[in-house]
Every structure is written in structure tokens, then in C-alpha cells.
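One structure is given below, encoded as C-alpha cells.
Any value given below was found using the heavy atoms of this structure, including those in side chains, with hydrogens, waters and symmetry copies removed.
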Amino acid sequence: SNTVLKADRSCLVQFNYSYQGNIGISQMTEWDEPKMDLGHPDSAIRLASAVHRFKMPCPNPDRNVSFARSFRTAGSTEKTRRAILKTDEMRKKLSEAVSAAKVSHERVVADARRYQPLIHQVLVSCKFQPEMARLDERLIFDWISGVESDQKKCYKSEAIMYDLVMCIACEGLGKAGVATETSVAGEFAAASREYAAAAGIFTFLADDHLPKWVARGSKVSEDDLPVECSVDAAKGLSMLFKANAQQMAIATVLIKPGTPNYSLLAKLCLGVAEQLEEFISHMRSNAFKPMTRIEKDFFTLVTFQIQLQKALSDYFYARSLWEIDQEYGLAIAMLSEGTVELKTRTSEAGPGIPDVSKNPALKALHNDVIDLRGHMNLLLKTWEKDNSQVYFESVPQTVPAEKRLEKGIQLNKEEKYTIKDVDPLLLSLSEEAMKRSDSDLARELQERLNQGLDD
């Protein structure tokens, strides 16, 4: 495997190194004239599809949540008791899946889907029978974020909605994890679909589920919850995964035999750069606090991808100008600009890509960057030679504005996500349990308000 791994629960940049070019190339004889291969290199495919894999959110292993103990009295009917025990069982399985030494993202997705309707049913039961929803033991949900750099910080809440949101976030980040694993196998079209599913899940959280939680008057601040529970951060993750889906669509085109549609590729690459720039702008403007809690190396990779996709856009557009439009001088100028885009920047705000050779998390990109630079420079020299000997076209100092791509293509692929309606479980209390003093009820109400349990 060429996957770049770090220790468990640490951030991980995932690169696709599975693609090794076409198999079955005919063997040359000693009499054949060797031909220079100026087609797009495999390094371009690997770099174009380099993405970040987030960790999985994880319940605090030291917190023993038991719905059976909490609903021992109120959930005493046989049907409710069975459902409550099933909820405990499925939560335990999800917890084991996300905290495994080697996480299977397909297992995380499957277990999150099994747990989601059950915790949703508990939430609905309490919502429709608030007078019966009296717990024998407090429910405290404790989660570690999957996207934050601090992997020891636990966020605590008694809101059942919180556990539901984190379950859905597990499914969303699990889908993104499946996408990276699928891309490593070279199945880019399938990876694109998985990212589209992840984008749809976080769109649902941002546009539907989290705003409902806020609208119900929850007093819990986003600062006291994982990044996944922030409306604007969830929106940002949806934007990111749509860009990742498009990266996989680009790789899908590049691995097909024959000459690709260079003009289309140029617009798709520019579209990815635009999407990632919009993601960064959105996070800075609307989710700056959550943004500061996410590992810095992730944003370095995003910066790298923005510049890389612009360089690839120039490269593919230059090939379209040369091979299709036969505008040789303009193609040389465009390719020359692409080589500049791919240079290592000398300052954080300067042009070019970040220096990945000095970043342990991104160092695996370095050799492919060198290879792509070498290919682009070789192609540029070849074109310059051909132009000086055959075409004799003037090469502009800079590409005229009217000859540049005005905007890229943004596919914005996402799969719509919903959660099904569920019927509430029957909660019941004996007459003795119902006889509680006004002071007890007032104290319980105040505790619920303090903990954001008015869901």
C-alpha cells in the first residue's frame, strides 16, 4: 500500500498512489525508434486526487452511557424495553467501530445507519411525552471531534439531539473515508459518488438538522460542542467534499485510455480551485472559531490543492490550445504560466505552492511535484523548439485576458440525505413515580435548561 499513515487518532493526509499507468504496453524491439512520451504523467493523476482524510468522531470510552438504566422506570413496557436495549447495543457497536485500532469506514457507515433511527426514536419519544420522560439516571453524552487537532478534548452535553447529530456526522465522515479508500484502489468514479454522499449528509446537517436544534432554543454554545455541530462548519465540510468529488471526477477522466478532453479538464481543475477558495472564504467569514480548532496541515493541503489545480488548469488549457486550436504561441505562454504556478512559494502570501518537502504530513507529495514540474518543463522546451523550427508564431509575454478561461466548471455533486420519520416509544410512569414535589420538578426543569435539554 502507498497510503500515507500516521498513528491512530492523528490527522492523516490521504494520497492516491494506486494508479501505475496502463498495463499491456507492447514491447519495443532493438530496431524501434524510441519515442518521447509527452502525455500527461501519472504524477498529475496522483496529485490531482490528493485529499485529506479526517478521523472519526469518537464517544469518550470512559463514559458509560446506558439508556436501559436511564429509562428503567419510564421504559418498562416490553416493546419499549426491547427497543431501549437495542439502542444501547447499536451505540456500543458504533463506538467500537469508530475507536478501532484500524478503522473500517464501511463498518462505521453501516453501524451509524443502524444506530441513527434508534437514537432518533428515543429523541422523538421524549419530545412527544415530556411529562413521562423522567430518567432514573442522567444521560451524559461525551464525544471527541473527528476534525479537530486536539484529540483529547471531550465535549459533553445531556441533549439527546447531540448524540443524534454526532451519529450522523460519523456517517458523513465515514462516507468520506470510504471515498479515500476507494480512490486508493483506483476506483475514482465510485470515490466521487462517495464524496457526493458525504457532501449531502453535511448539507442536511447544515441546512436542516442543526438549525432545528438552534431554533428549539438550545442554550448550548457552539464553542462547547465539536466542530461537527457548528452549522457553518458543517456547511464548509459539505463544500469541501463537493470539491473532493470533483477531484475524483478529474482523475476518472485522466485514467481513461486515449487523449482526454483537455479543454474540459482545464475547466474542471479551475472549478476545483474555485470551490476550495470558496470553502476557505466561507470558513474565515462564518466559522473562524471552529476553523482554528482544525489541524493546520489540512489547510496547508487545501492551499496546495488550490495552486496545483490552477497550474493543472493552465497545463490542460495549453494542451487544448496547442493540439486542438493550433494557437502555438498562445499555448506556450499559457504553459509557461502553469510552470510558474507550480513553483514553490517564497513566502506564505506569495505565489506558488507551499513547500511540501519540509512538511512531514505532506512530504509524500514532493516527488510527484518534482516529476510534474519536469514533465511541464520538457513539454514547454519541446513546444518552443517546434515553434522556432516549424510554426514561427509570436509568443505573448502574458496571456491576454480575453484568451483566459473566465470561470471553471463546478459539478457540485451531492446526494440528497434525509432521515426517516419514526414512531415514538410508549413511556409510562406509575402513580407513585408521578407524585413528585413542585420543587423537584422545578429543579429538574432548571437543570434541563442549563444543559440545553429543551429539545
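Taken from NE2 in H375 to CD1 in I370, the straight-line distance is 16.0 Å, to the nearest 0.5 Å.
For Q247 and N244, the side-chain atoms include at least one donor-acceptor pair closer than 3.5 Å.
Under 4.0 Å is where a charged nitrogen must lie from a carboxylate oxygen, and between R293 and E148 at least one such pair does. Ion pair K93/E89 flagged as a salt bridge, since at least one NZ, NE, NH1 or NH2 atom sits closer than 4.0 Å to an Asp/Glu carboxylate oxygen.
For the side chain to side chain donor-acceptor pair (under 3.5 Å) condition, the pairs that include at least one residue of residues 317-326, sequence neighbours left out, are Y315-R319, R319-E323. For residues 404-424, the salt bridge (charged side-chain N to carboxylate O under 4.0 Å, His left out) pairs, not counting sequence neighbours, are E337-R404. Residue pairs satisfying the salt bridge (charged side-chain N to carboxylate O under 4.0 Å, His left out) criterion with at least one member in residues 223-249, sequence neighbours excluded, are listed as follows: D223-K289.
For Y155 and F141, the ring centers sit 6.0 Å or farther from each other.
Ring orientation note: the planes of F298 and F54 are tilted relative to one another, at an angle of 30° to 60°.
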Check against side chain to side chain donor-acceptor pair (under 3.5 Å), D355 and S357: CA-CA 6 Å; D355 188 353; S357 68; 2.5 Å; yes
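The one candidate from L205, I168, T203, D208 that meets the side-chain contact (heavy atoms from CB on, under 4.5 Å) condition with Y417 is I168.
In terms of heavy atoms, A245 sits closest to S192 at O-OG, 2.8 Å. Closest approach of Q305 and L47 over heavy atoms only: NE2-O, 2.8 Å.
Side chains of E181 and R53 form a contact here, defined as non-hydrogen atoms less than 4.5 Å apart.
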